[in-house]
Amino acid sequence: DNFNGVYNRLMLNYTYQDWKVTAGGQLYQTPFSERDYFDPAWLSGSYVKNGWDMNVGNYYETLDRGILLRSYEITGGLLEDQGYRSKNYFYRDILGASAGFKNRNFAVKALWGYSLNNVYPPTQDFELRRSDEVAAISAQYNLFNQTVGASALRLVNATSEAYYGLGSLGGTILPNLTYYGAYAFYADGDIVEYSPAETFAMYASVNYSLGSLGMSLEWKNYKNFLIGSGVNEPPALIKEHSYRLLNRSTHVLLPENETGFQAEVFYQMDNGTVFTFNHTWADNDFGIVFKYRESFLDVATTIGETTELKSFVDYANDPFAGENNRFTWGFNLDQSIQSKYGVKLEGEWQKFNRFDGSVTDVVGIVTLRNRSKVFVSLITELSNDPYVTKAKNKMWLGTSALYKLNSNHSFQIFAGERRGGPACSAGICYEVLDFKGVELRWNARF
C-alpha cells in the first residue's frame, strides 16, 4: 500500500578547547505504529590532547584494518530491512568507553562497549540490537620505518564467549614500496562450531608508486572469521565501483570462507589521461567452489577545456549470483556550456548469461546543471532479469532535482521509480529496497 513516511536525524556538537560533546537522535513516523520510533541514540564525550584520545558514550573505532573490529558511519545513508520496514540511519557504533595514547614511535589503545547490530531497527530491544559486548587492547611500535602490532579482543554474547588475537607487520621497504601483513586467530572460548585451527584470517598488501605509475597487490584467506553478529569487517579486496551497474553487481565478502587477491595498476599520462586496471579473484568453498573473477579497465580524460570523458569496460563471472560471462560497458560525458551551465550524459549496458537465458540491464541518465548549484536529472533503467521482474522488460523511470543553497544546506527531491539491489559504500555492502513515489531530503549544518 502507498503511505507517507517522515525520517529525521539531528546531531548537536559542542566543542570547548580539547573537549567535545555530541548528542543526537532519530525519528521515524508512518501510519504503521510498529515501524515508528523516537530514538535518542547518541550521547558522547571526547578529549584529545598531547597524544591522548579518550571517548565515553557512543564512539567509532577500527582495529587492524577491520579484521578484528570495525565500526563506521555511511554519511547520509539510510537502511530499511524488508522484514521490519523501518528506516534508520546507516551506522554501526560502540556504546562504552575507549582510551588511547600515541607518540612518535608507540601507540596503544583499549576499548570496551556494546556493538550496534544495525540489521535491527530502533523498534527492537536494546539486548537484540547490542547483543555483542566487546573489549579489546591494541598496541603498535615503530622502529626503522617498520611497525609491529598486536591486538586482542574478547567477545561475549548470549551464546558464547570468545577470545581473538592478531599480529601485524607493516612499513616501508624502499621509498616507493610499502607493505602490510596480518594474521588473526581464534584463541579460546566456547564457540563449538569450529576449532581454532578452522578459524583464522590472513591478509597482506604491497603498494608501489613511481612518478605517474602506481600498483597495488592484496591477498586474503578468511576461514570462519565472522565475529559475533559481524563486529568485524575484514578488507574485501573487491573493486568498489561508482558506476551503477557495477556497484549493484558487486561481489559481497563472505568472511566465513573466502580466499583471493586483488591487483590494480594506475597510470597518468602527461596530458592528464588516467588509466586504471583492476583484476579481482575470489573463491568461496562450500563443498562446491564458487569462483568469482572480474577484470575492469577505466579511462578518464579531458577534451579541450570544457569536456570531461570517462569510459569503462568490465568482464566478470559470478557463479554464486548466477551471472556468467558478464560484460559491462559504460561512459560519463560532462560538457560545460559558457562556464555557467553544463550537461552530463551517463550510459551503461550490461549483459550476462543466467541458466538458459540471457539478461540485459541498461542505465541512462541525463543531468543539467547551473553553476554547480542546481542539478536536474532524468534517470531510466531497463532490465529483463527474471530475478527482479516478471515482465518481459521492466522500466524504472524517475527524475530528481538537487539545489545547493550554500555549503551548509542542500535540498533534493526524487519522483518516480528507483531500482533497488545490492550497494556498497566505503567497503560496506547492504541491500537497497525498490522505491516508487516521491522523496524529499534536506541536509543542513548550522
Side-chain angles (χ1 to χ4, degrees), residues 65-67 70 82 119 183-184 186 191 193-195 197-205 216-230 232-241 243-264 277-297 312-329 350-361 383-389 419-425 427-432:
R65 305 197 180 187
I67 297 175
R70 184 183 181 189
Q82 192 167 4
V119 172
Y183 175 73
Y186 166 50
I191 298 179
E193 292 91 344
Y194 311 109
S195 68
E198 296 176 307
T199 308
F200 60 85
M202 292 187 286
Y203 169 80
S205 66
S216 67
L217 179 64
E218 298 175 280
W219 172 79
K220 62 185 172 185
N221 185 2
Y222 306 142
K223 184 74 170 179
N224 301 317
F225 216 76
L226 179 67
I227 300 178
S229 63
N232 64 325
E233 192 78 32
L237 279 66
I238 304 295
K239 178 72 174 178
E240 186 171 297
H241 300 284
Y243 300 104
R244 289 190 177 223
L245 292 181
L246 293 182
N247 191 288
R248 186 182 297 138
S249 302
T250 190
H251 171 77
V252 179
L253 173 69
L254 299 173
E256 297 90 345
N257 189 321
E258 184 157 317
T259 60
F261 72 87
Q262 177 179 227
E264 183 162 303
F277 174 77
N278 180 280
H279 180 71
T280 297
W281 175 95
D283 283 358
N284 301 107
D285 188 354
F286 295 101
I288 299 175
V289 179
F290 296 91
K291 299 181 178 181
Y292 178 82
R293 305 289 186 268
E294 181 184 8
S295 296
F296 168 81
L297 176 63
F312 75 90
V313 291
D314 183 273
Y315 179 79
N317 278 289
D318 188 356
F320 198 82
E323 298 178 359
N324 299 310
N325 296 317
R326 190 183 73 209
F327 177 80
T328 312
W329 171 83
Q350 183 180 82
K351 188 173 184 179
F352 58 86
N353 299 322
R354 175 174 283 152
F355 305 121
D356 296 330
S358 177
V359 174
T360 301
D361 294 316
S383 180
N384 65 347
D385 190 346
Y387 275 27
V388 298
T389 177
R419 180 179 173 180
C424 295
S425 178
I428 305 297
C429 295
Y430 59 103
E431 190 74 15
V432 177

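Residue numbers run from 1 in the order of the sequence given.
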Determine the sole option in R248, K351, R419, R244 for which the salt bridge (charged side-chain N to carboxylate O under 4.0 Å, His left out) test with D361 is passed.
-> R419
Here the gap from F352 atom CZ to E323 atom CD, rounded to the nearest 0.5 Å, amounts to 4.0 Å
Determine the sole option in K223, R293, K291 for which the salt bridge (charged side-chain N to carboxylate O under 4.0 Å, His left out) test with D283 is passed.
-> R293
Please report the C-alpha distance between W219 and F261 in whole Å, then the side-chain angles of each, then the deciding distance to 0.1 Å, and finally whether the ring pair (Phe, Tyr, Trp, His ring centres under 6.0 Å) criterion is met.
-> CA-CA 4 Å; W219 172 79; F261 72 87; over 10 Å; no
Using the six-membered ring wherever Trp is involved, compare the ring planes of Y387 and F355 and label them parallel, tilted or perpendicular (cut-offs 30° and 60°).
-> tilted
Considering residues at least two apart in sequence or located in another chain, which fulfil the side chain to side chain donor-acceptor pair (under 3.5 Å) criterion with R65?
-> none
Provide the closest heavy-atom pair for P386 versus V359 in the form atom of the first, atom of the second, distance.
-> CD-CG2, 4.0 Å
Specify whether F290 and F320 have parallel, tilted or perpendicular ring planes, treating 30° as the upper limit for parallel and 60° as the lower limit for perpendicular.
-> perpendicular
Begin from the C-alpha positions of L237 and Y203 and carry the test side-chain contact (heavy atoms from CB on, under 4.5 Å) through to its verdict.
-> CA-CA 10 Å; L237 279 66; Y203 169 80; 3.5 Å; yes
Y315: what forms a ring pair (Phe, Tyr, Trp, His ring centres under 6.0 Å) with it, not counting sequence neighbours?
-> none
Distance from F312 atom CZ to D314 atom CG, nearest 0.5 Å?
-> 7.0 Å
Side chain of N317, backbone of N325: donor and acceptor closer than 3.5 Å?
-> yes
Is the closest side-chain donor-acceptor distance between H241 and E294 under 3.5 Å?
-> yes
By side chain to side chain donor-acceptor pair (under 3.5 Å), which residues pair with S205, not counting sequence neighbours?
-> none
Between A423 and V432 the two heavy atoms that sit nearest each other are CB-CG2, 3.9 Å
CG (N384) and OG1 (T360) are apart, to the nearest 0.5 Å, by 5.0 Å
Check whether any side-chain heavy atom of F286 sits under 4.5 Å from a side-chain heavy atom of L254, and report yes or no.
-> yes
Distance only, no hydrogens: is a donor on one side chain within 3.5 Å (strictly under) of an acceptor on the other, for N224 and E256?
-> no
Residues T250 and C424: closest non-hydrogen pair is CG2-SG, 3.2 Å
For S249, which residues count as a side chain to side chain donor-acceptor pair (under 3.5 Å) partner, sequence neighbours excluded?
-> Q350
In this structure, CD of E218 is separated from OG1 of T280 (nearest 0.5 Å) by 9.0 Å
Interatomic spacing from CD in Q262 to NZ in K239 - rounded to 0.5 Å = 7.0 Å
Is R354 reaching over with its side chain to a backbone N or O of G322, donor-acceptor style, under 3.5 angstrom?
-> yes
Of the non-hydrogen atoms in T389 and S383, which two are nearest, and what is the gap between them?
-> CG2-O, 4.0 Å
Does the side chain of E264 pick up a donor-acceptor pair with the side chain of N278 at under 3.5 Å?
-> yes
Take F277 and F296, measure what ring pair (Phe, Tyr, Trp, His ring centres under 6.0 Å) needs, and give me the verdict at the end.
-> CA-CA 6 Å; F277 174 77; F296 168 81; 8.6 Å; no
Separation between OG1 (T328) and CG (L245), nearest 0.5 Å, reads 6.5 Å
List the steps and the verdict of side-chain contact (heavy atoms from CB on, under 4.5 Å) for N257 and Y222.
-> CA-CA 6 Å; N257 189 321; Y222 306 142; over 6 Å; no
Let me see the working for H251 and N284 under side-chain contact (heavy atoms from CB on, under 4.5 Å), right down to the final yes or no.
-> CA-CA 11 Å; H251 171 77; N284 301 107; 3.3 Å; yes
Ring pair (Phe, Tyr, Trp, His ring centres under 6.0 Å) partners of F327, counting only residues at least two apart = none
Work out which heavy atom in A282 is nearest to a heavy atom in K220; give both atom names and the distance.
-> CB-NZ, 4.1 Å
Please identify each residue that fulfils ring pair (Phe, Tyr, Trp, His ring centres under 6.0 Å) with F200, with sequence neighbours left out.
-> none
Shortest non-hydrogen contact from I67 to P235?
-> CG1-CD, 3.8 Å
